[in-house]
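Only one structure is covered here, and it is reproduced in the block below.
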Amino acid sequence: MAYRQITPPTLAEVMQQHPQLGSFGIGVFNASRKTAGQRQAELAADRAKLAGREAIVMETAAWLWENITSTGTPTVSSYTVLHVVERATGRYVSNGDVIAAALIAGYSFEYDQPNVLFGMSDRDLAEMN
């Protein structure tokens with residue numbers, strides 16, 4: 001039986017599909033206290049920062065794929081995953097890095113601004129913690 005190779009999306013494709021995604025997460029910090037222009041400028045800078053971290057995002061996506069089982073129901077916060085990844089790898093990652101990596105790795109998701117909930121195994125995450 002021949003299997004078809006599935007190519008995960010690139011960081012650029014994920015960022016195109018999620019226009020509010022930046023290094024901070026979804027949207028900008030304290031958005032209600034900023035003008036539309038300030039939010040737009042901050043998001044643009046935050047997206048540029050995330051785009052410049054492609055190597056970290058792809059390494060994180062590979063680590064997630066290899067270590068954390070996918071589940072159908074998004075219940076785990078990207079902020080929780082961020083801390084698990086940092087402890088397990090010894091490397092700083094931003095909330096946006098983790099969100100982009102998990103989207104690239106194909107986990108089910110649901111927005112919970114500024115975080116994202118992912119369908120990831122609680123048991124796998126606890127074992128890595």
Side-chain angles (χ1 to χ4, degrees):
M1 176 181 219
Y3 289 95
R4 183 173 56 140
Q5 172 105 16
I6 298 173
T7 305
T10 65
L11 176 57
E13 290 168 334
V14 164
M15 289 180 71
Q16 184 177 17
Q17 294 165 357
H18 302 272
Q20 293 293 308
L21 175 60
S23 184
F24 171 70
I26 303 299
V28 296
F29 178 72
N30 224 355
S32 64
R33 294 182 176 231
K34 296 177 178 141
T35 67
Q38 288 170 323
R39 288 191 304 267
Q40 187 176 32
E42 187 174 328
L43 181 60
D46 208 37
R47 286 176 61 79
K49 183 177 179 181
L50 178 60
R53 294 179 53 82
E54 185 168 13
I56 296 293
V57 169
M58 297 311 285
E59 289 170 15
T60 303
W63 186 90
L64 289 170
W65 180 262
E66 292 169 4
N67 293 285
I68 309 298
T69 305
S70 178
T71 65
T73 306
T75 58
V76 179
S77 172
S78 56
Y79 193 72
T80 298
V81 178
L82 174 155
H83 292 294
V84 171
V85 170
E86 285 184 334
R87 280 192 281 278
T89 65
R91 177 182 44 214
Y92 167 79
V93 290
S94 71
N95 193 35
D97 294 339
V98 168
I99 293 169
L103 292 169
I104 288 167
Y107 292 94
S108 60
F109 70 95
E110 182 178 304
Y111 284 166
D112 187 30
Q113 290 181 307
N115 303 310
V116 174
L117 299 176
F118 288 107
M120 295 182 176
S121 166
D122 287 321
R123 184 178 66 220
D124 289 353
L125 289 164
E127 287 175 7
M128 292 293 159
N129 220 351

Original post:
How many angstroms lie between CD in Glu110 and OG in Ser77, if you round to the nearest 0.5 Å?
Top reply: 11.5 Å
Original post:
Given side chains that start at C-beta, do those of Phe118 and Ser78 come closer than 4.5 Å, heavy atoms only?
Top reply: yes
Original post:
What distance do Leu82 atom CG and Arg87 atom CZ have between them, rounded to the nearest 0.5 Å?
Top reply: 9.5 Å
Original post:
Taking atom types as modelled and ignoring hydrogens, do the side chains of Asp124 and Asn67 form a donor-acceptor contact shorter than 3.5 angstrom?
Top reply: no
Subject >> Taking every non-hydrogen atom, the tightest pair across Gly72 and Ser108 >> reply: O-OG, 3.2 Å
**OP:** Please tell me if the side chains of Asn115 and Ile26 come closer than 4.5 Å, counting only heavy atoms from C-beta onward.
**Re:** no
Subject >> Residue pair Leu64 / Met120, side-chain heavy-atom distance below 4.5 Å >> reply: yes
Subject >> Distance, nearest 0.5 Å, that separates CG of Asn30 from CD of Gln38 >> reply: 11.0 Å
**OP:** Could you please spell out the steps behind the side chain to side chain contact (heavy atoms under 4.5 Å, CB included) verdict for Arg47 and Met15?
**Re:** CA-CA 8 Å; Arg47 286 176 61 79; Met15 289 180 71; 3.7 Å; yes
Original post:
Minimum heavy-atom separation for Ala100 to Val57, with atom names?
Top reply: CB-CG1, 3.8 Å
Original post:
Are Phe109 and His18 close enough, and set up right, to give a side chain to side chain contact (heavy atoms under 4.5 Å, CB included), and what steps lead you there?
Top reply: CA-CA 12 Å; Phe109 70 95; His18 302 272; 3.5 Å; yes
Original post:
Is the number of heavy atoms from other residues, nucleotides or ligands under 6.0 Å of Glu13 CD greater than 12?
Top reply: yes
**OP:** Show your reasoning for whether side chain to side chain contact (heavy atoms under 4.5 Å, CB included) applies to Leu117 and Thr75.
**Re:** CA-CA 5 Å; Leu117 299 176; Thr75 58; over 6 Å; no
Original post:
Can you find a pair of side-chain heavy atoms, one from Met128 and one from Ile68, that are under 4.5 Å apart?
Top reply: yes
Original post:
Does atom CH2 of Trp63 have more than 12 heavy-atom neighbours, drawn from other residues, nucleotides or ligands, at distances under 6.0 Å?
Top reply: yes
Subject >> Hydrophobic cluster identity match, Val14 and Phe24, side-chain contacts under 4.5 Å >> reply: no
Subject >> Considering all heavy atoms, the nearest Ile56-Val93 contact >> reply: CG2-CG1, 3.9 Å
Original post:
Can you name the closest pair of heavy atoms from Val81 and Val76 and give their distance?
Top reply: CG2-CG1, 3.6 Å
Original post:
Shortest non-hydrogen contact from Pro8 to Ile104?
Top reply: CB-O, 3.5 Å
**OP:** Nearest 0.5 Å please: distance from the CD atom of Glu86 over to the CG atom of Asp97.
**Re:** 9.5 Å
Subject >> Atom pair CD1/OH of Ile99 and Tyr79 - distance to nearest 0.5 Å >> reply: 12.0 Å
Subject >> Arg91, CZ atom: more than 12 neighbouring heavy atoms under 6.0 Å >> reply: yes
Original post:
If you take all heavy atoms of Ser23 and Ser94, which pair is closest and at what distance?
Top reply: O-OG, 3.2 Å
**OP:** Begin from the C-alpha positions of Lys34 and Glu42 and carry the test side chain to side chain contact (heavy atoms under 4.5 Å, CB included) through to its verdict.
**Re:** CA-CA 10 Å; Lys34 296 177 178 141; Glu42 187 174 328; 2.8 Å; yes
Original post:
With a 4.5 Å limit on heavy-atom distance, are the side chains of Tyr107 and Ser70 in contact?
Top reply: yes
Original post:
How far does OG1 of Thr71 sit from CG of Asp122, to the nearest 0.5 angstrom?
Top reply: 7.5 Å
**OP:** Evaluate whether atom CD of Gln40 has more than 12 neighbouring non-hydrogen atoms of other residues, nucleotides or ligands under 6.0 angstrom away.
**Re:** no
Subject >> In one Ile/Leu/Val/Met/Phe/Trp/Tyr side-chain cluster, 4.5 Å: Leu43, Val98 >> reply: no
